Amino acid sequence: MQPKHYIRALLLYCGFVFNYACQPAIAEEWRFLPGDAFFESALTQELADMMTVDEDGDTLSLRYHTHARVALEAGCAVLEIKRIGLKRRKLLACLYKMLRKQQAPIFEITTNERGELRRELNGMALLVYNKTFDYQRYAIGLRYNEDWAEEGAMFSTLPEFVNYYISEDLTPSCVIEDWRNSRHVPPLKVTFPPLLDKNLREAQFSPLTVDASEVIFVVVTYPMIEELRKNVTPWKCYFVNQHTIVGGGPTEEGWIEEEVNVDVDTIVEKDE
């Protein structure tokens, strides 16, 4: 990149920071926007259990995971993965259980008139990408969406649009990477509900849809995803395709990946 392009990107980043620092107390954190490269959900015990119990379900419904740093949220909140199949759902459930052996879940327990409520505080990041996403070349966890300002304004529920694009605590190098390669990374190819064309603000909870054969799941533990966004190496993610789980990431010796062995014998038998 030419020096003037670096200067432009750094100025853009400084503008984000200044704008954020001068924002009023009420702002919005964005969920999925139409130009984003991925949809972020959370892989929790509740979701893993649902995948193993609902054996006849062929649709996986994911809710966008925000980081709860602001009062309001805007953007698409629900993604339905169609024709996901039992094997792939159980691969995700097996991966959750495997990673929980390395890091125990942390629950917040509250009570109300309905009884005890348990909320998992450290679920893993579950990112849905196009299967063609080149994760060895491009950064995982960046939106690669240079239309964020216009799209955010369309979804905003505030009288005056207040953006919160830097909710991921992006570093200057990440902002440069996001801006430089946004035109090379296509957005997640979801189908939008009809209502979205008529009233963006009211249709935010109408589910987006995508066929499971068109996506790859990327699972990464928190807070590792924050390190990914800061371009810290080495790191390791888990990539769940239709048949296998692959663990991979950059090291000092280069990119290394290997298949993760999980017990899926029963899954294969039922799928067949």
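None of these values were measured; they are calculated from a predicted model.
Between Glu46 and Asp49 the shortest side-chain heavy-atom distance does not fall below 4.5 Å. No side-chain heavy atom of Val78 sits under 4.5 Å from any side-chain heavy atom of Ser206.
Among the candidates Leu43, Leu126, Leu92, the single residue satisfying the side-chain contact (heavy atoms from CB on, under 4.5 Å) test with Val240 is Leu92.
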Show which side-chain atoms of residues 208-215 pair as donor or acceptor with protein atoms under 3.5 Å away, not counting sequence neighbours.
| unit_1 | atom_1 | unit_2 | atom_2 | d |
| --- | --- | --- | --- | --- |
| Asp211 | OD1 | Ser213 | N | 2.9 |
| Asp211 | OD1 | Ser213 | OG | 2.6 |
| Asp211 | OD2 | Arg83 | NE | 2.6 |
| Asp211 | OD2 | Arg83 | NH2 | 2.7 |

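Checked against side-chain contact (heavy atoms from CB on, under 4.5 Å), Glu253 has the following partners two or more places apart in sequence or in another chain: Thr251. Asn181 meets the side-chain contact (heavy atoms from CB on, under 4.5 Å) test with Tyr138, Tyr144, Glu177, His184; sequence neighbours excluded. Glu258 pairs by the side-chain contact (heavy atoms from CB on, under 4.5 Å) definition with Lys236, not counting sequence neighbours. With sequence neighbours excluded, no residue forms a side-chain hydrogen bond (donor to acceptor under 3.5 Å, both in side chains) with Lys189.
Within the 3.5 Å criterion, the main-chain N or O of Ser41 finds no donor-acceptor partner in the side chain of Arg63. A side-chain donor-acceptor contact under 3.5 Å links Glu120 to the backbone of Gln45. Asn130 places a side-chain N or O within 3.5 Å of a backbone atom of Pro187 that can act as its donor or acceptor partner. Counting only distance, with no hydrogens or angles, the side chain of Tyr64 and the backbone of Cys76 share no donor-acceptor pair below 3.5 Å.
At a threshold of 4.0 Å, the pair Glu80-Lys82 counts as salt-bridged, since one of the basic side-chain nitrogens sits closer than that to a carboxylate oxygen.
Interatomic distance, Phe39 CZ to Leu188 CG, rounded to the nearest 0.5 Å: 9.0 Å. Considering CG of Asp178 and CD1 of Ile176, their distance stands at 11.0 Å, rounded to 0.5 Å. Atom OG1 of Thr44 sits about 9.5 Å away from atom CE of Met124, to the nearest 0.5 Å.
Among residue pairs with one or both ends in residues 107-129, those qualifying as ring-ring contact (aromatic ring centres under 6.0 Å, His included) are Phe38-Tyr129, Tyr129-Phe133; sequence neighbours excluded.
Ring geometry for Trp255 versus Tyr135: interplanar angle of 30 to 60°, hence tilted.
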